[in-house]
Amino acid sequence: MGRTVTTIGGIIGAGLLLSACIPNMEPPTRAAEPAAPPPAPQPVPVADRPTTRAIPPVTPPRAGAPRSNAARPPVRRSVPVATGQSIRRPTPPRAVMRQPVAEAVAQAPALRQPVSTLPAPRPSWELRPVTPDARAIPDTTYIVRPGDTLRAVADRTGSGSEAIARANGLSAPFVIRTGQRLTIPGGRYHLVRSGESGIAIARAYGIEWSRIVEANGLTEPFVLRAGQRIIIPDTAVASASGAPMTSAAERAAAFKLDVDDILTGGEPALASNQAPARPSATPRRVLPPTAVVAAPTRLSSGFAWPVDGRVVKRFGAGSSGERNDGIKIAVPIGTPIKATADGVVAYVGDGIAALGGLVIVKHGDGWTSVYGHASKLMVQRGQSVKRGQMLALSGQTGFADRPELHFELRRGRAPVDPLSRLPSR
């Protein structure tokens with residue numbers, strides 16, 4: 001009995017030993033296989049490498065070193081790929097990147113829209129240049145002689161008659177008496193010649209025309225006359241190097257044209273025997289640039305909307321600090337722009353870069369309307385227009401953000417919020 005138990009125990013032990021040596025035949029649980037690593041980049045001949053950007057050499061892995069299966073960022077290749085390799089290139093990002101560029105190119109003609117005008121001569125300030133030959137005189141006094149007039153005293157002293165009248169408290173008709181002692185204010189005085197405009201004078205001296213207006217106390221209608229002497233304030237602008245400007249080109253470049261300049265300095269000086277021109281009733285009659293346009297004396301009606309559109313920018317200071325002297329009205333390109341009231345056209349052109357195609361109309365009682373960003377100008381300087389008459393077609397010229405109209409109302413030299421004068425709607 002004891003031998004039998006020993007034999008059975010031996011058999012069981014041998015079986016257990018044998019089972020430990022036989023591998024487990026049950027299929028193990030299937031684990032996720034790691035992603036195949038991307039193929040190693042092929043060496044590129046030196047001649048095929050781009051010259052604009054160097055490509056670092058690829059260092060092969062050491063033998064036996066583990067290879068990382070981490071995701072690698074895609075590399076944009078600018079070199080040819082070896083034959084037989086297949087590389088999947090993601091196309092959507094490239095298409096998305098190119099679409100805005102294509103749209104910008106398609107919109108470029110609208111952003112650079114030219115201004116169409118009727119045949120007309122250039123403005124007087126371009127055709128009639130001014131020689132900056134102002135004469136400097138000191139402060140002095142003058143004893144009035146028999147037969148003297150204020151104009152004669154100005155001619156004798158080199159000063160301006162208006163400046164002498166202001167310095168001595170004289171008013172129209174500027175009567176002076178023999179033996180009267182007059183104060184002669186010193187300064188730089190420019191003698192105005194026939195046909196010279198305020199804008200041309202300001203450009204010749206490289207100074208803002210508004211400073212000359214204020215220094216001489218000029219008022220409506222701001223028309224100079226031949227033989228008049230006006231004070232030229234000291235020029236505060238210097239060239240890029242800091243030296244005083246000496247060339248006419250430097251002085252002209254320092255002058256920047258704006259709406260106020262056109263309103264107060266755009267008309268040529270009247271000769272002694274010259275009268276303002278009568279307005280024309282049609283654009284087919286073109287006034288010469290030497291003619292002075294007579295503005296209406298009275299405003300004959302209220303103001304009407306120049307276009308029917310949505311106001312996208314209001315009058316006054318904007319969010320970024322810039323000031324808008326009018327309102328912006330969004331309208332499709334080619335919308336008729338109509339006169340807000342009866343008046344006479346004072347300016348037609350594109351001389352102010354920011355406003356593009358521009359029309360300025362004087363209405364009387366000191367009122368003026370301004371229409372900017374137009375694409376086609378359909379009136380002439382000196383033409384009389386009626387309320388509601390078409391002046392131009394709207395556009396996206398100048399610095400316009402969209403197809404729109406820039407519209408201003410001014411009383412004298414001061415801009416007025418158009419929404420305070422236009423009818424509500």
Side-chain angles (χ1 to χ4, degrees), residues 115-128 195-203 208-210 213 218 220-224 255-270 276-280 282-283 285-296 306 325-326 337-364 366-385 389-395 397-399 405-415:
V115 178
S116 172
T117 62
L118 298 176
R122 291 184 298 167
S124 62
W125 56 84
E126 296 182 4
L127 295 177
R128 180 66 168 87
E196 292 184 350
S197 65
I199 293 175
I201 294 173
R203 290 179 66 177
E208 298 90 346
W209 170 243
S210 59
V213 170
L218 301 181
E220 191 77 24
F222 302 103
V223 177
L224 303 175
F255 177 82
K256 303 300 181 183
L257 186 68
D258 61 21
V259 172
D260 184 68
D261 294 326
I262 296 176
L263 293 178
T264 60
E267 296 296 330
L270 279 170
R278 295 175 59 87
S280 62
T282 170
R285 176 174 174 253
V286 182
L287 296 181
T290 55
V292 176
V293 176
D325 288 334
I337 301 172
K338 301 177 181 179
T340 187
D342 296 354
V344 175
V345 178
Y347 176 79
V348 179
D350 57 354
I352 301 179
L355 295 180
L358 178 66
V359 178
I360 300 178
V361 180
K362 293 186 177 181
H363 303 287
W367 284 100
T368 304
S369 58
V370 180
Y371 314 79
H373 302 320
S375 60
K376 185 175 183 179
L377 308 178
M378 307 174 68
V379 290
Q380 295 277 20
R381 172 181 174 267
Q383 180 182 343
S384 61
V385 294
Q389 181 175 339
M390 184 163 57
L391 305 175
L393 298 180
S394 66
T397 60
F399 299 165
L405 168 67
H406 174 86
F407 178 64
E408 293 183 22
L409 285 178
R410 295 190 178 218
R411 185 73 183 272
R413 299 178 62 193

In this structure, OG1 of T290 is separated from CG of L270 (nearest 0.5 Å) by 10.5 Å
Which heavy atom of L287 sits nearest a heavy atom of G382, and at what distance? CD1-CA, 3.7 Å
Would you say V292 and P268 make side-chain contact, with heavy atoms under 4.5 Å? yes
Scanning both residues in full, the closest heavy-atom pair of P306 with L405 reads CG-CD2, 3.7 Å
Once rounded to the nearest 0.5 Å, what's the spacing between atom CG of D258 and atom CD of E208? 9.5 Å
Heavy atoms only: give me the nearest P289-R122 pair and the separation to one decimal. CB-O, 3.6 Å
Backbone N/O of A200 and side chain of S197: donor-acceptor pair under 3.5 Å: yes
Check this for me: K338, atom NZ, are more than 12 non-hydrogen atoms of other residues, nucleotides or ligands nearer than 6.0 Å? no
How far apart are the closest heavy atoms of F407 and S369, and which atoms are they? CE1-CB, 4.1 Å
So, the side chain of E267 versus the backbone of V293: is there a donor-acceptor pair under 3.5 Å, distance only? yes
Where is the tightest heavy-atom contact between G351 and L257, given as atom of each residue plus distance? O-CD2, 3.8 Å
For the side chain of S384 and the backbone of S280, is there at least one donor-acceptor N/O pair under 3.5 Å apart? yes
Using modelled atom types only, decide if a donor and an acceptor are shared between the side chain of T397 and the backbone of A374 within a distance under 3.5 Å. yes
Taking side chain as C-beta onward, heavy atoms only, is S210 less than 4.5 Å from R413? yes
Can you confirm whether R411 is buried at CZ, in the sense that more than 12 heavy atoms of other residues, nucleotides or ligands lie under 6.0 Å from that atom? yes
Can you tell if the side chain of L224 reaches within under 4.5 Å of the side chain of I201, non-hydrogen atoms only? yes
Show your reasoning for whether side-chain contact (heavy atoms from CB on, under 4.5 Å) applies to F222 and L263. CA-CA 8 Å; F222 302 103; L263 293 178; over 6 Å; no
Dump the intermediate steps for side-chain contact (heavy atoms from CB on, under 4.5 Å) on L218 and T264, then the final yes or no. CA-CA 9 Å; L218 301 181; T264 60; over 6 Å; no
In plain terms, say whether R203 and E126 are close enough for a salt bridge, that is, a side-chain N and a carboxylate O under 4.0 Å apart. no
Are the side chains of V259 and D325 in touch, meaning some heavy atoms are under 4.5 Å apart? no
Has H363 got a side-chain atom pairing as donor or acceptor with T368's backbone, closer than 3.5 angstrom? no
Between the CG atom in L358 and the NE2 atom in H373, the distance rounded to the nearest 0.5 Å is 9.5 Å
Please find the pair of heavy atoms, one from L127 and one from P121, that lie closest to each other, and give the distance. CD1-CB, 4.5 Å
Could you tell me whether the side chain of V348 reaches within less than 4.5 Å of the side chain of Q383, counting heavy atoms only? no
Between Y371 (side chain) and T340 (backbone), is there a donor-acceptor pair under 3.5 Å? yes
Rounded to the nearest 0.5 angstrom, the OG-CG distance for S116 and L118 is 7.0 Å
Is there a donor-acceptor pair under 3.5 Å between the side chain of Q380 and the backbone N or O of P119? yes
Can you check side-chain contact (heavy atoms from CB on, under 4.5 Å) on I262 and I352, steps first, answer last? CA-CA 10 Å; I262 296 176; I352 301 179; 4.0 Å; yes
Taking the side chain as C-beta and beyond, is there a heavy-atom pair between D261 and W125 under 4.5 Å? no
